[in-house]
A.B. asks: 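Structure in structure tokens, see below.
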Amino acid sequence: MRKISALLAGATALSLSTAALATDHDPMMLQAKALQDDVAYDIVEGLTTEIGPRQAGTEQEAQARHWAVARLIAYGFDNVRSEPFMMPTWVRGAETAAVVAPYAQPLVVTALGNSASTGVEGITAEVAYFESLEAMKAVPDGSLAGKIAFVTHKMHRSQDGSGYSAFGPVRWVGPSIASQKGAVAYVIKSIGTDYHRNPHTGSTGFGEGVKPIPAGALSLPDADNLERMVKLAQGVGETVTMNLVLTPRNLGQQESGNVIAEVTGRDPSLPMILIACHLDSWDLATGAFDDAAGCGIITAAAKNIRDHGQPLRTIRLLWAGAEEVGIWGGKAYRDAHRDQKHAIAMESDFGADRVWRVEFTLPDSAKPVADRISASLLNLGIGRSGGKAGGGADIGPIISDSNLAIIDLQQDGSRYFDLHHTPDDTLDKIDPEQLRQNVAAWTTVLSIIANSDADFTMPVKP
């Protein structure tokens, strides 16, 4: 951990100024203090221990909202409240898979969100193997009638998590395509990078008019084993037969909700800063990385600003509900608050490991702000990227609706997809020192932007 004296010395080297930066909100002093933060870890520990899994629309998610409201009030935030909304709710049931022939053995599987049910007896059918989603797309409609489609992929770990966008469609749209091709069920190699027998769940969807079919994810080792079986069987002129049992249920419309809190600014005429995380998690684990950590990070940083003195602008915290199953909380926030003035939106939803780069989508008028932020983050080992900030899932709807400026503090995602949507997403995976570095980065940025009267209005899109 860097010494406070070194950080303050670094601050004197910053010559760039930001309009109306309050003299008592020295970002480097706050950064140094944040490197000793315990609030973020306390939030992650509390959510994962006192609540646990928080699937959207369930009683556990409702308990999490009550917990969040009480905790945010205790921290001294303003205008703390829950804003409920209704959303369709899916819950899993029994989950088993096994190769019946010619190499009989069990496989580890979990249902994808919105999967249809096989019924309690399951489905036993021939496996139709595809080495990619594109290969399955290429076969004629109806050609998979009576078969279980199986699609694999070659996702590898990366610092920026770019493999998820490349291979995620195997999960996101694969079941719908398999149904169009006539398949009675669909299984995938989990969209992840670990090699434990922990399958990765996550939402899927079916296009308009497409019949939902049972859809599941195999753990990576089991998917690789199934691929070997298929190729071995093909070599001797045989086919692989699988039995799949998935019995999820749709509960219809259930209540979810967003939790909102604020640090009230001195000048209510200035558009606010929106910072977000999501409160819900999948049901397989306690959701430490995804996304209790994000809620801990943004809340600890906002509390640091509040405790040091009233900032110029209001900072609003959004602990969004029902992100995992369709970004319902982000959409509800947009619908409820689109008429309010927002300046910048930020989100933390990529685990708890170190921030390694910062990206901006700001107007030219705010270039000095971006320059100051970039210089202030160097002490934390954070470099500036030439790419544009894109925001996160929960702030996406309000960004699109209101054309907001964005700042992204990009976290190291090298191990994120080892844990993402698995039973392994638990508190022991949180590194407290890396979590503190996140809090320090967020505190630094919030100190600068919440105390700036720069014009953050984005130019109108053509």
Side-chain angles (χ1 to χ4, degrees), residues 109-110 112-115 128-139 149-181 183 186-196 198-207 215-224 226-227 230 278 282 289-291 294 323-327 347-351 353 355-357 359 361 385-396 399-400 406 408-422 424-425:
V109 70
T110 193
L112 299 179
N114 297 316
S115 166
Y129 163 73
F130 298 96
E131 64 181 11
S132 68
L133 183 62
E134 292 303 313
M136 186 175 70
K137 286 180 180 179
V139 303
F150 164 47
V151 176
T152 190
H153 61 83
K154 293 180 172 62
M155 180 175 171
H156 295 285
R157 70 182 65 250
S158 60
Q159 190 173 26
D160 64 359
S162 54
Y164 189 56
S165 59
F167 296 102
V170 170
R171 187 191 87 214
W172 304 333
V173 300
S176 185
I177 295 169
S179 180
Q180 289 177 298
K181 303 299 181 181
Y186 178 76
V187 293
I188 65 171
K189 181 179 182 177
S190 284
I191 306 302
T193 52
D194 67 309
Y195 268 85
H196 300 133
N198 283 326
H200 299 235
T201 190
S203 283
T204 191
F206 295 90
L218 299 169
S219 76
L220 277 72
D222 284 285
D224 285 355
L226 179 58
E227 180 179 349
V230 169
H278 68 84
W282 279 105
F289 249 51
D290 188 17
D291 185 33
E323 184 269 351
E324 296 289 8
V325 295
I327 319 174
E347 183 162 350
S348 181
D349 183 17
F350 199 48
D353 287 347
V355 176
W356 66 287
R357 72 180 182 189
E359 296 173 337
T361 295
S385 167
K388 290 289 188 181
D394 298 295
I395 58 177
I399 287 172
S400 179
I406 314 164
D408 286 342
L409 288 169
Q410 298 283 12
Q411 295 159 290
D412 186 340
S414 299
R415 66 179 182 135
Y416 184 73
F417 291 105
D418 290 356
L419 307 172
H420 183 247
H421 297 179
T422 74
D424 249 357
D425 185 4

A.B. asks: Nearest 0.5 Å, please: how far is OG1 in Thr201 from CG in Leu112?
C.D. replies: 5.5 Å
A.B. asks: Which atom pair, heavy atoms only, marks the closest approach of Ser385 to Glu359?
C.D. replies: OG-OE2, 3.3 Å
A.B. asks: Heavy atoms only: give me the nearest Phe167-His153 pair and the separation to one decimal.
C.D. replies: CD2-CB, 3.7 Å
A.B. asks: Fit a plane to each ring of Phe150 and Tyr129, take the angle between them on a 0 to 90° scale, and name the class: parallel (under 30°), tilted (30 to 60°) or perpendicular (over 60°).
C.D. replies: tilted
A.B. asks: Side chain to side chain contact (heavy atoms under 4.5 Å, CB included) with Ala393: which residues, sequence neighbours excluded?
C.D. replies: Glu323, Ile327
A.B. asks: Run the side chain to side chain contact (heavy atoms under 4.5 Å, CB included) test against Lys388 and tell me which residues pass, sequence neighbours left out.
C.D. replies: Thr361
A.B. asks: Could I get the full list of salt bridge (charged side-chain N to carboxylate O under 4.0 Å, His left out) partners for Asp194, not counting sequence neighbours?
C.D. replies: none
A.B. asks: Which atom pair, heavy atoms only, marks the closest approach of Ala217 to Ser190?
C.D. replies: CB-OG, 3.5 Å
A.B. asks: Of the non-hydrogen atoms in Ile399 and Gly391, which two are nearest, and what is the gap between them?
C.D. replies: CD1-CA, 4.2 Å
A.B. asks: Which pair of heavy atoms, one from Phe206 and one from Asn114, lies closest together, and at what distance?
C.D. replies: CE1-O, 3.5 Å
A.B. asks: Is there side-chain contact between Glu347 and Ile406, with at least one heavy-atom pair below 4.5 Å?
C.D. replies: no
A.B. asks: Between Thr422 and Pro199 (side chain of the first, backbone of the second, donor and acceptor by atom type, cut-off under 3.5 Å), is there such a pair?
C.D. replies: no
A.B. asks: Between Ser176 and Tyr186, does a side-chain contact (heavy atoms from CB on, under 4.5 Å) hold up when you go through it step by step?
C.D. replies: CA-CA 9 Å; Ser176 185; Tyr186 178 76; over 6 Å; no
A.B. asks: Heavy-atom distance under 4.5 Å between the side chains of Lys189 and Met155, does that happen here?
C.D. replies: no
A.B. asks: Are the side chains of Thr193 and Arg415 in touch, meaning some heavy atoms are under 4.5 Å apart?
C.D. replies: no
A.B. asks: Please find the pair of heavy atoms, one from His196 and one from Ser219, that lie closest to each other, and give the distance.
C.D. replies: O-CB, 3.8 Å
A.B. asks: May I ask you to decide if Ser414's main-chain N or O and Asp412's side chain share a donor-acceptor pair within less than 3.5 Å?
C.D. replies: yes
A.B. asks: Looking only at atom types and distance, does a side-chain atom of Gln411 sit under 3.5 Å from a main-chain N or O of Gly351, one as donor and one as acceptor?
C.D. replies: yes
A.B. asks: Can you check whether Asp291 reaches Glu324 side chain to side chain, under 4.5 Å on heavy atoms?
C.D. replies: no
A.B. asks: Pick from Glu131, Arg171, Met136: which one makes a side chain to side chain contact (heavy atoms under 4.5 Å, CB included) with Val151?
C.D. replies: Met136
A.B. asks: For Ser179, give me all partners under side chain to side chain contact (heavy atoms under 4.5 Å, CB included), at least two apart in sequence or on another chain.
C.D. replies: Val210, Lys211, Ile213
A.B. asks: State the CG-CD1 distance between Leu220 and Ile191, to the nearest 0.5 angstrom.
C.D. replies: 8.5 Å
A.B. asks: Side chain to side chain contact (heavy atoms under 4.5 Å, CB included) with Ala135: which residues, sequence neighbours excluded?
C.D. replies: Phe130, Ser132
A.B. asks: For Asp418, which residues count as a salt bridge (charged side-chain N to carboxylate O under 4.0 Å, His left out) partner, sequence neighbours excluded?
C.D. replies: Arg157
A.B. asks: Test Tyr164 against every option in Phe350, Tyr416, Trp172 by the ring pair (Phe, Tyr, Trp, His ring centres under 6.0 Å) rule and name the one that passes.
C.D. replies: Trp172
A.B. asks: So, do Asp425 and His420 sit near enough that their side-chain heavy atoms are less than 4.5 Å apart?
C.D. replies: no
A.B. asks: Do Leu133 and Val173 have side chains that approach each other closer than 4.5 Å (heavy atoms only, starting at C-beta)?
C.D. replies: yes
A.B. asks: Say you draw a straight line from CG of Asn198 to CG of Leu419; how long is it, rounded to the nearest 0.5 Å?
C.D. replies: 9.0 Å
